[in-house]
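Notes for the one structure printed next.
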Amino acid sequence: MNTDRSDQPWNVTDPAENCVDVDSAGTIAALDEVEAYKGLLTGVDWAALGHAYGPATEAPKMLAALLDPDQSTRTKALSYLHDPLNHQNTLYEATVPAALYVAAILSDPRTTRTVDKDRRSFPGCLRAELLSWIASVANEVTDEAEALSRRHGYALDDYPPAAGVQRIRPLLFSASLPYTDDTDRHVCEAALAACIPLLDDPRLLRHQRPLVPLVREVLGTSELWQHRERAIDALDAWGEDSSGLEGQRNPFLFCDSDLPTDGSSAWLTGPNPAEGYGEEPPF
């Protein structure tokens with residue numbers, strides 16, 4: 001798998017692009033991993049950025065905890081990504097630099113650690129969970145999301161958090177791509193699921209065709225019907241053959257046959273039916 005990161009440099013010096021302070025020390029490529037992670041946390045004025053419940057003052061501590069040796073601490077940090085940073089699939093100002101940080105730590109071996117699971121969790125280790133979170137963020141700026149937004153009278157470009165995620169899609173893609181042929185099946189599937197919505201970016205369209213075999217052969221044969229349907233939708237949208245792949249026959253049914261027998265983990269796409277849906281644009 002080509003892991004060329006030439007589409008976009010990892011730059012932490014441009015506050016307009018990445019919401020990171022101009023005084024941050026250089027680029028990620030020029031820093032060792034520890035300093036790169038630190039720069040992405042300390043170079044942001046998190047108190048000036050919002051999430052679902054107000055200023056994201058606590059974000060540096062919570063994001064750093066993703067790499068904590070304690071499993072319960074990592075699990076709480078992962079929950080923080082989903083709520084308040086991406087509450088009900090909504091993008092906030094703090095979502096953008098948080099996504100950069102998540103992308104930067106994917107290669108850290110500590111992301112192969114486990115996290116606590118429940119029936120609504122993504123399967124796999126922390127790295128798979130982080131890739132799934134990137135997919136959730138990327139879903140909000142796809143061509144389909146743009147069309148829906150415009151039908152409600154808004155453009156994603158007019159909503160700064162959405163525009164910010166759009167700008168960093170090449171970065172998120174280059175961080176996710178190396179894991180599309182990972183030996184860990186859960187990580188591999190999560191990476192493919194993350195790459196698909198990112199590939200709506202005009203700068204990344206050339207990467208669609210090389211990923212077709214993996215989308216078809218790996219994601220299209222997933223035990224999770226949500227992944228199978230994502231594969232079918234992607235192949236159809238790209239003008240590729242999706243024949244022979246089977247998604248969820250009843251789109252209104254959460255298929256128990258796809259749940260682990262111990263009930264420990266299942267990815268149910270979209271919000272919990274008991275919680276309702278997220279806000280309409282502009283989110």
Mind checking side-chain contact (heavy atoms from CB on, under 4.5 Å) for [X] and listing every partner two or more places apart, or none if nothing turns up?
X      : answer
Pro197 : Ala138, Asn139, Thr142, Arg230
Arg74  : Asp68, Gln71, Arg113, Thr114, Val115, Leu126
Thr221 : Arg185
Gln166 : Val141, Glu146, Leu156, Asp157, Ala163, Arg169

Do you know which two heavy atoms are closest between [X] and [Y], and how far apart they sit?
X      : Y      : result
Pro123 : Lys117 : C-NZ, 3.7 Å
Leu198 : Leu204 : O-CD1, 3.4 Å
Ala99  : Leu172 : O-CD2, 3.6 Å
Ser136 : Asn86  : OG-OD1, 2.9 Å

Can the ring centres of His87 and Tyr92 be said to be less than 6.0 Å apart?
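So the answer is no for these two rings.
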Does [X] reach the main-chain N or O of [Y] with its side chain, forming a donor-acceptor pair under 3.5 Å?
X      : Y      : answer
Ser149 : Tyr154 : yes
Arg127 : Thr112 : no
Arg216 : Asp241 : yes
Trp238 : Gln208 : no

Is there side-chain contact between [X] and [Y], with heavy atoms separated by less than 4.5 Å?
X      : Y      : value
Pro161 : Thr95  : no
Val96  : Leu49  : no
Arg209 : Glu240 : yes
Leu130 : Leu78  : yes
Pro55  : Trp46  : no

Apply the test side-chain contact (heavy atoms from CB on, under 4.5 Å) to residues Thr111 and Leu106: give CA-CA distance (whole Å), side-chain angles for both, the deciding distance (0.1 Å), then the verdict.
CA-CA 6 Å; Thr111 62; Leu106 282 175; 5.6 Å; no
Could you walk me through whether His152 and Leu148 pass side-chain contact (heavy atoms from CB on, under 4.5 Å), step by step?
CA-CA 7 Å; His152 285 83; Leu148 177 62; 3.5 Å; yes
Positive for side-chain hydrogen bond (donor to acceptor under 3.5 Å, both in side chains) with Ser222, one of Glu189, Glu229, His186
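By the side-chain hydrogen bond (donor to acceptor under 3.5 Å, both in side chains) criterion, Ser222 pairs with just one of Glu189, Glu229, His186: Glu189.
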Expected list for residues 58-67: side-chain donor-acceptor pairs under 3.5 angstrom, two or more places apart:
unit_1: Glu58; atom_1: OE2; unit_2: His51; atom_2: NE2; d: 2.7
unit_1: Glu58; atom_1: OE2; unit_2: Tyr80; atom_2: OH; d: 2.5

Run the side chain to side chain donor-acceptor pair (under 3.5 Å) test against Thr183 and tell me which residues pass, sequence neighbours left out.
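Thr183: no side chain to side chain donor-acceptor pair (under 3.5 Å) contacts found.
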Looking only at the side chains, is there a donor atom on one of Asp83 and Tyr53 sitting less than 3.5 Å from an acceptor on the other?
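Yes, Tyr53 and Asp83 have a side-chain donor paired with an acceptor closer than 3.5 Å.
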